[in-house]
Amino acid sequence: MSEQLYHVSSSPHIRSQVTTASIMRDVTFALLPSCLFSVYWFGLRALVVLAISVISCQAAELLYFRLAGKKRVAYECSAIVTGLLLGMNLPSTIPLWIPVVGGFFAIIVVKELFGGLGNNFMNPALAARCFLLISFAGPMTSFSVKTASSNIWLGAASVDGLSSATPLAVIKNAGNSTEALPSLFDMFFGFTGGVIGETSILFLLLGALYLVIRKVISLKIPLTYILSFSVFILINNLVKTGTPDFIGIARQLCGGGLVLGAFFMATDYVTCPITPMGKIVFGICLGIVTAVFRLFGNNAEGVSYAIIFCNMLVPLIEKLTIPAAFGLSKKGGNANGK
Amino acid sequence: MKLRTFQGGIHPFDGKELSKNKPITNLSPKGEMVFPLSQHIGAPAVTLVKPGDSVLVGQKIAEAQGFISACIISSVSGIVKAIEPRLTTSGAMAESIVIENDNEYKKIAGFGVERDYTKLSKDEIRTIIKNAGIVGMGGAAFPTHVKLTPKDENGITHVIVNAAECEPYLTSDYRMMLEEPANLITGLKIILSLFDNAKGVIAIENNKPDCIETLDKLLTPEDKNKICVMPLKAKYPQGAERNLIYAVTGKKINSKMLPADAGVIVNNVDTVISVKNAVCNNIPLIRRIITVTGDAVVNPQNFCVPTGMCYQELIDAAGGFKSTPEKIISGGPMMGTSLYNTNVPVTKNSSAILALTKDEVAEKPETPCIRCGRCVSVCPSRLIPQRLQEYSNRFDNEAFENNYGMECYECGSCTFICPAGRKLTQSFKETRKSIIAQRKKK
């Protein structure tokens with residue numbers, strides 16, 4: 001046939017501009033403000049840790065693709081996000097081989113062995129962090145060192161000396177009224193100890209705001225998470241002392257990885273429920289589990305374990321929260337009650 | 001006031017600027033005219049002519065067969081050349097009546113004679129509509145006389161004119177509302193005269209303020225007791241029947257219900273105008289308003305063309321292509337059918353010819369699903385497309401049905417929005433087809 005044939009395909013014939021890669025790029029941009037702050041606060045060493053974990057994640061992915069003979073249709077930058085999140089969950093003083101181990105664990109064991117992007121049932125960065133916490137408890141929980149003078153390698157935190165212990169650890173060991181506790185203002189801006197990416201609530205919230213504006217994340221999970229967490233702590237206050245301790249709640253919210261976890265890790269598409277109702281249930285579960293871990297556990301921190309624990313509840317939550325279709329009721333009748 | 005709408009939906013690039021200011025121009029066909037016997041939902045029509053017969057404009061050439069079916073009327077005068085399978089917009093061959101146009105346009109007796117609809121009985125009006133071969137011109141082509149004969153005539157509370165025109169690029173309904181607003185209102189009054197308890201609603205997306213204003217001005221205070229113009233939020237798929245009914249009345253219908261079950265009848269703009277033409281002027285459905293548009297077309301336009309005319313002639317009339325198109329679509333970009341060849345006839349449910357220089361489908365490769373949930377938030381039927389595609393991929397028809405897969409009406413929103421370029425709608429079409437085939441076997 002000499003006449004020209006045109007392309008055919010099933011409708012729809014147009015596509016939105018958003019791609020997996022553009023989403024991953026947006027998440028990377030959103031994480032940058034707090035990464036930059038951490039370089040100021042924890043020094044160039046933080047930058048090196050971040051860089052090593054990003055590079056090892058990417059390298060692990062390339063290696064796996066090569067070994068398994070997997071073909072890439074389009075480059076989607078997901079390993080970079082995993083690497084960045086992993087780096088942000090490590091202390092800046094960590095021996096530099098640990099992020100390499102973490103990166104390979106996150107990508108190969110947690111992600112690729114379960115089928116790669118979209119098929120992992122746990123957040124790879126968090127699973128790797130928990131793996132590292134169990135394996136190398138010492139280096140994973142010791143934070144900045146004190147030095148005599150300002151040092152570009154170790155950052156402003158080293159002079160301050162404030163950051164030798166995390167605020168949550170102080171609360172855990174000495175209670176909520178001790179002198180050693182940083183002010184709420186410092187905790188909000190991030191002038192405290194902790195892992196690289198978690199300290200500055202301000203910059204994390206800025207990043208989260210960007211993601212909300214770009215419609216990359218919805219606030220369903222973060223808000224229900226934070227709300228149920230606060231309510232649980234409040235109830236605990238009331239039961240224990242009879243008076244609500246709002247400053248204490250604010251400290252719990254600003255301390256540790258709650259904000260990083262709620263906005264950037266719990267909202268991970270792959271490992272959170274896809275149903276609208278499921279997201280709310282997931283957020284509530286997270287809040288309660290985190291509060292239980294923090295209040296009754298041995299560790300001051302609980303966010304990482306809470307998120308990977310709730311990740312495992314996702315299939316169940318999804319199954320129970322499939323909504324009835326438009327015009328139908330859950331029982332199979334129609335929605336107008338006829 | 002908050003604009004009425006539905007939950008979900010998308011905002012694709014609308015492309016209507018290309019053709020919205022081009023008045024409708026009449027085109028005369030040159031060569032042979034092709035009339036497929038099946039250009040409506042339901043049983044194909046049965047031919048009334050044989051090769052060699054001469055036919056007139058307005059002559060019935062095929063009769064409706066069975067309850068849900070529609071007759072077919074010749075749009076030209078000439079000689080029946082053949083009755084044979086011809087290529088149609090669906091991409092398949094379909095039995096068609098081919099008429100050689102003699103370019104004389106000799107009309108059948110009574111064609112164009114005016115009538116006063118207020119003096120006709122309800123049954124007379126329905127018979128006229130049936131004999132005029134009118135079908136729903138929004139795309140589904142459901143025979144209009146069947147739609148206007150519900151089981152419970154007095155239970156109909158709303159007659160909605162679907163003037164949403166939510167598909168990107170399409171401007172034919174928009175032009176008709178601006179150019180023939182009085183006919184639209186008369187047509188609506190005719191339909192309202194069939195239902196004693198019904199109110200008329202002309203539902204228009206708020207991106208067409210000029211239509212809203214024009215129609216509203218034409219309504220006399222007396223008309224406004226029974227008819228209103230209702231602006232709706234501009235969003236795809238606002239014009240899908242279930243969403244439209246929900247936006248206008250708040251009633252929810254599902255796949256197992258007809259709009260009439262909720263006391264509603266929905267008709268497209270051009271269907272209502274065709275009803276007016278048939279009832280008041282004795283002109284059956286022999287023409288379509290077609291938007292020829294897209295970035296590959298030299299001069300995007302709106303045409304009024306006789307049914308049976310070849311698509312290629314319309315493209316030529318719009319100046320042809322300025323660059324080679326990658327893709328040609330019959331209908332809108334969301335639910336239209338892509339054509340590999342433009343030698344297909346205009347049928348009663350044609351609405352647009354869209355020629356695009358870019359094939360966005362080919363440019364967005366399919367990557368793994370990241371479960372982002374965008375498909376869930378845009379689905380107007382509140383389904384979980386991500387899960388449905390899993391069932392579909394493993395041919396699990398039972399799980400597909402249990403998770404409400406049959407409520408999908410293939411609007412394409414999930415596929416449009418998917419960042420991983422997954423062909424969700426395509427999977428659903430296949431699975432739905434196989435489930436419907438299974439049901440028929442039983």
Side-chain angles (χ1 to χ4, degrees), chain A residues 1 3-24 72-76 78 115-119 215-218 220 267-276 278-279 314 318-319 321-329 332-338, chain B residues 10 12-13 91 168 242 251-257 262 324-329 333-341 356 359-374 376-377 380-384 386-387 403-404 407 410 412 415-417 419-421 423 425-426 429:
Chain A
M1 213 159 30
E3 60 192 317
Q4 190 193 347
L5 296 176
Y6 303 104
H7 281 200
V8 285
S9 66
S10 180
S11 65
H13 305 287
I14 48 174
R15 295 286 191 268
S16 73
Q17 300 295 313
V18 179
T19 61
T20 306
S22 78
I23 293 170
M24 296 296 170
R72 205 189 275 284
V73 185
Y75 181 65
E76 72 285 283
S78 68
L117 182 64
N119 292 311
K215 295 196 173 142
V216 172
I217 60 169
S218 86
K220 258 186 202 151
T267 54
D268 170 30
Y269 292 149
V270 179
T271 54
C272 77
I274 200 166
T275 56
K279 286 186 200 291
V314 166
E318 253 179 28
K319 202 171 177 183
T321 54
I322 296 279
F326 181 81
L328 288 168
S329 70
N334 84 48
N336 296 322
K338 276 189 215 164
Chain B
I10 54 171
F13 168 70
R242 291 179 217 166
K251 288 179 184 163
K252 296 177 176 179
I253 64 163
N254 57 49
S255 66
K256 294 183 193 79
M257 298 165 74
T324 318
E326 284 267 295
K327 202 170 213 181
I328 297 183
I329 298 157
M334 290 302 295
M335 289 182 84
T337 327
S338 49
L339 304 174
Y340 58 86
N341 184 315
L356 300 172
D359 183 4
E360 292 182 18
V361 176
E363 281 177 13
K364 198 169 184 178
E366 224 170 339
T367 55
C369 168
I370 53 169
R371 294 168 38 90
C372 68
R374 281 172 175 74
V376 179
S377 57
S381 298
R382 286 181 220 162
L383 309 177
I384 312 290
Q386 181 262 344
R387 286 181 82 100
N403 285 279
Y404 311 103
E407 293 299 311
E410 302 165 8
T415 312
F416 170 82
I417 207 79
K423 297 176 173 94
T425 313
Q426 187 172 355
K429 283 182 189 173

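Because only heavy atoms are used, hydrogens play no part in the values below, and waters and symmetry mates are left out as well, while side chains stay in. Lettering follows sequence order; numbering is per chain, from 1.
- Proximity to chain A (any heavy atom under 4.5 Å) is shown, for B:E363, by neither the backbone nor the side chain.
- Going from atom OG1 of A:T321 over to atom CD1 of B:I384 covers 7.5 Å, rounded to the nearest 0.5 Å.
- The minimum heavy-atom distance linking B:R374 with A:Y269 is given by the pair NH1-OH, 3.1 Å.
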- Report the C-alpha distance between B:I370 and A:L117 in whole Å, list the side-chain angles of each, state the deciding distance to 0.1 Å, and finish with yes or no for side chain to side chain contact (heavy atoms under 4.5 Å, CB included). CA-CA 7 Å; B:I370 53 169; A:L117 182 64; 3.7 Å; yes

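- Judged by distance alone, with hydrogens and angles left aside, the side-chain atoms of B:S381 form no donor-acceptor pair with the main-chain N or O of A:A325 at under 3.5 Å.
- No donor-acceptor contact under 3.5 angstrom links the side chains of B:K423 and A:S10, judged on distance only.
- Inter-residue side-chain proximity for A:Y6 and B:L339 is flagged as unmet; no heavy-atom pair is nearer than 4.5 Å.
- A:G327 approaches B:N254 most closely through the heavy-atom pair O-ND2, 2.9 Å.
- Heavy-atom distances place both the backbone and the side chain of B:P325 under 4.5 Å from chain A.
- Heavy atoms closer than 4.5 Å to chain A are found in both the backbone and the side chain of B:C372.
- Between B:R371 and A:V314, the closest side-chain pair of non-hydrogen atoms falls below 4.5 Å.
- Only the backbone of B:P380 comes within contact range of chain A, with heavy atoms under 4.5 Å apart.
- The shortest heavy-atom contact between A:V8 and B:S338 is CA-OG, 3.2 Å.
- Closest of all the heavy-atom pairs between B:G336 and A:H13 is O-NE2, 2.9 Å.
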- Which is it for A:S16 and B:K364 under the side chain to side chain contact (heavy atoms under 4.5 Å, CB included) test, yes or no, and what are the steps along the way? CA-CA 9 Å; A:S16 73; B:K364 198 169 184 178; 3.7 Å; yes

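- Side-chain atoms of B:P368 and A:N119, non-hydrogen and from C-beta on, never get closer than 4.5 Å to each other.
- Considering OG of A:S11 and CD of B:E410, their distance stands at 7.5 Å, rounded to 0.5 Å.
- For A:I23, the part lying near chain B is the side chain, with the backbone staying farther off; criterion is any non-hydrogen pair under 4.5 Å.
- Of the possible polar contacts, none joining the B:R382 side chain to the A:A324 backbone as a donor-acceptor pair under 3.5 Å is found.
- Contacts of B:T324 with chain A are made by side-chain atoms alone, with heavy-atom separations under 4.5 Å and no backbone atom involved.
- The CD atom of B:E407 sits 4.5 Å away from atom CG of A:L328, with the distance rounded to the nearest 0.5 Å.
- Within the 4.5 angstrom heavy-atom criterion, atoms from both the backbone and the side chain of B:Q426 approach chain A.
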